[in-house]
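Treat the numbers as computed from the prediction; the structure is a model and nothing was measured.
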Amino acid sequence: MMAMMILALVVVVALVALLAVAWAIRARNMQVWLGSYIRRRKPARGDGPTHVMFAFVDHFEPNWGRVDMPTQRARVDRWCTDYRAMASRHRDADGRHPQHSFFYPEEEYVEEHLEKIAGLCADGFGELEIHLHHDNDTPENFRATIDRFNQLLHERHGALPRDPVTGKLRFAFIHGNWCLDNSRADGRWCGINNELVLLRELGCYADFTLPSAPSETQTRTINTIYYATDDPLKPKSHDTGEPVRVGGKPSGDLMIIQGPLGLNWRERRFGIIPRIENSDVRRACPPTPSRVDAWVDTGIHVQGKPDWVFVKVHTHGTQERDMDTLLGDAVHAMHAHLESKYNDGKRYILHYVTAREMYNIVKAAEAGKEGNPNQWRDFELPAPHHMPIRHHA
């Protein structure tokens with residue numbers, strides 16, 4: 001009788017544990033991508049060195065929290081001063097400083113902020129790209145908004161390259177609130193089911209929104225560079241797609257370049273529960289050496305080219321609570337780790353890249369190019385000519 005009671009207790013405890021795990025998975029929307037994570041196999045290493053392309057993309061929002069203009073100015077000024085000082089202390093195998101891709105929100109446009117950031121970019125510390133928060137939008141309004149902002153960034157601040165073949169302005173994109181292609185179940189923070197088509201037609205060369213976990217907007221496809229094909233009648237068309245591969249051809253509507261996503265078993269909650277590793281960098285999730293190792297180890301690559309690894313991490317850079325992490329000792333330590341462990345010239349070679357340069361190197365890999373990826377930074381799209389700060393009379 002006692003044995004039966006003990007067995008029953010064990011069964012109850014096991015069921016409770018399983019229910020708790022199932023609840024935790026659902027609460028963090030992990031059911032969307034966990035299967036893909038479990039099934040994915042780590043790519044094999046080649047005989048030669050692995051080239052690591054490292055890009056830092058920023059949802060750069062000076063008006064975060066709807067603050068006054070002095071607070072916005074202080075945020076931008078700190079970035080222009082402290083990022084320059086921080087990045088000047090670090091270099092990759094090509095002699096390049098860390099590159100910061102500033103995805104600036106259209107709805108927060110302030111000329112003086114963009115002048116300052118464009119000046120930082122003109123000095124060789126990054127590039128400007130496009131970010132947008134919108135809700136209950138229409139294709140017509142979206143098209144007009146992006147087209148207007150493209151022209152403004154290029155003509156007034158020297159941002160965004162022109163396609164050398166078509167002459168069209170090209171840009172990278174990050175969707176506000178992660179809701180690319182209307183990917184929230186309730187339709188908030190977008191409203192457009194044909195957003196991938198619109199972005200392609202407007203000149204977007206790649207989307208850098210993902211990963212978005214634990215948001216429900218996270219796709220089933222993870223840790224992949226792929227082409228997504230839009231279904232104009234349905235949301236979240238980028239949930240799956242065709243991987244970019246050596247010798248392949250562009251397909252669908254838009255290239256999706258994802259950052260690392262998985263489970264962090266090295267920095268567990270309460271020493272038991274693995275954290276979601278979603279390549280977000282801020283005070284609550286600093287860029288520790290173990291996280292850097294996990295990013296590289298994920299091995300995001302163009303199929304058929306596993307010796308070129310693409311690491312894209314992201315942040316929201318203008319929030320005061322995170323600036324000490326992003327501009328201080330924590331990010332210094334991140335770069336120091338990258339430059340020591342992943343830039344020895346034998347096992348690894350490090351390349352700091354912008355979003356545009358990462359795209360170009362992806363396209364070079366697709367085209368079967370070999371050698372040092374540094375030579376392919378401008379493979380398809382040339383560098384923009386950001387304008388330095390103008391001194392007004």
Side-chain angles (χ1 to χ4, degrees), residues 33 36-37 39-46 50-55 57 101 129 161 163 165-166 170-175 180-181 195-197 199-201 203-212 218-231 236-262 279 295-314 351 353-381:
W33 57 270
S36 299
Y37 173 73
R39 291 189 298 270
R40 189 175 188 268
R41 295 292 176 262
K42 181 180 175 182
R45 279 183 57 94
T50 296
H51 291 267
V52 178
M53 270 57 70
F54 184 86
V57 304
S101 294
E129 299 289 357
D163 191 305
V165 176
T166 66
R170 305 294 301 277
F171 64 96
F173 187 70
I174 287 179
H175 199 294
L180 179 67
D181 203 44
E195 196 165 37
L196 305 185
V197 169
L199 285 166
R200 172 178 55 78
E201 292 176 349
C204 182
Y205 59 79
D207 178 85
F208 288 78
T209 302
L210 297 165
S212 62
Q218 176 60 48
T219 55
R220 284 184 288 161
T221 301
I222 64 171
N223 299 324
T224 305
I225 301 170
Y226 63 105
Y227 291 111
T229 300
D230 207 342
D231 181 341
K236 206 178 186 180
S237 296
H238 58 298
D239 201 29
T240 60
E242 186 67 24
V244 180
R245 55 175 49 89
V246 174
K249 299 293 183 183
S251 64
D253 293 295
L254 190 61
M255 181 186 289
I256 310 292
I257 297 181
Q258 296 184 325
L261 175 62
S279 55
W295 298 336
V296 176
D297 195 52
T298 300
I300 296 175
H301 65 285
V302 171
Q303 285 194 1
K305 191 67 177 166
D307 56 325
W308 288 10
V309 170
F310 297 85
V311 177
K312 174 186 71 73
V313 300
H314 65 271
H351 309 276
V353 296
T354 64
R356 178 191 60 85
E357 290 171 336
M358 180 169 277
Y359 166 79
N360 277 330
I361 295 171
V362 166
K363 294 296 289 184
E366 181 183 49
K369 300 300 183 182
E370 298 285 349
N372 187 344
N374 180 56
Q375 65 186 311
W376 309 120
R377 290 176 183 267
D378 303 323
F379 176 67
E380 185 177 282
L381 297 175

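Residues D230 and S237 bring a donor and an acceptor atom of their side chains to less than 3.5 Å of each other. Between the side chains of H175 and E195, at least one donor N or O lies within less than 3.5 Å of an accepting N or O.
For the pair N372 and H351, the tightest heavy-atom approach, listed with the atom from each and the gap, is OD1-CE1, 3.0 Å. When all heavy atoms are compared, the tightest approach of M358 to M53 is CE-O, 3.6 Å. The shortest non-hydrogen separation linking H51 to P373 is ND1-CD, 3.3 Å. Considering every non-hydrogen atom in both R356 and D378, the closest pair reads NH1-OD1, 2.8 Å. Nearest heavy-atom pair, L196 versus A228, reported as atom, atom and distance to 0.1 Å: CD1-CB, 3.9 Å. Listed here is the closest heavy atom pair of M255 and Y359: SD-CD1, 3.7 Å.
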*Apply the test side-chain contact (heavy atoms from CB on, under 4.5 Å) to residues H301 and W308: give CA-CA distance (whole Å), side-chain angles for both, the deciding distance (0.1 Å), then the verdict.*
CA-CA 6 Å; H301 65 285; W308 288 10; 5.8 Å; no
*Take V362 and F379 through the side-chain contact (heavy atoms from CB on, under 4.5 Å) test and state the conclusion after the steps.*
CA-CA 9 Å; V362 166; F379 176 67; over 6 Å; no
*Check step by step if salt bridge (Lys or Arg N to Asp or Glu O under 4.0 Å) holds for E366 and K305.*
CA-CA 9 Å; E366 181 183 49; K305 191 67 177 166; over 6 Å; no
*Please report the C-alpha distance between Y227 and V244 in whole Å, then the side-chain angles of each, then the deciding distance to 0.1 Å, and finally whether the side-chain contact (heavy atoms from CB on, under 4.5 Å) criterion is met.*
CA-CA 7 Å; Y227 291 111; V244 180; 3.6 Å; yes
*Could you check L180 against F173 for side-chain contact (heavy atoms from CB on, under 4.5 Å), going step by step and ending with a plain yes or no?*
CA-CA 10 Å; L180 179 67; F173 187 70; 4.3 Å; yes
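Each of T209, T219, T221 was scored for a side chain to side chain donor-acceptor pair (under 3.5 Å) with Q258, with one residue passing: T219. A side-chain contact (heavy atoms from CB on, under 4.5 Å) with L261 holds for exactly one of P211, S36, S212; it is P211.
Rounding to the nearest 0.5 angstrom, the gap separating the CD1 atom in I361 from the CD atom in Q375 is 10.0 Å. Between I300 atom CD1 and W295 atom CH2 the span is 11.5 Å, to the nearest 0.5 Å. Rounding to the nearest 0.5 angstrom, the gap separating the CG atom in D253 from the CD atom in E201 is 8.0 Å. The CD atom of E380 sits 6.5 Å away from atom CG of D163, with the distance rounded to the nearest 0.5 Å. Here the straight-line distance linking atom CZ of R200 with atom CG of D207 works out to 14.5 Å at 0.5 Å rounding. Going from atom CG of L210 over to atom NE2 of H314 covers 9.5 Å, rounded to the nearest 0.5 Å.
Side-chain atoms of N360 come within 3.5 Å of backbone atoms of L381 as a donor-acceptor pair (strictly under, hydrogens ignored). With hydrogens and angles disregarded, a donor-acceptor distance shorter than 3.5 Å links the side chain of R41 to the backbone of R39. At distances below 3.5 Å, at least one donor-acceptor pair connects side-chain atoms of T224 with backbone N or O atoms of I222. S279 places a side-chain N or O within 3.5 Å of a backbone atom of P260 that can act as its donor or acceptor partner.
Using a 4.5 Å heavy-atom cutoff, the side chains of T50 and V296 are not in contact. In this structure, the side chains of F310 and V302 come closer than 4.5 Å at one or more pairs of heavy atoms. Side-chain atoms of V57 and K312, non-hydrogen and from C-beta on, do get closer than 4.5 Å to each other.
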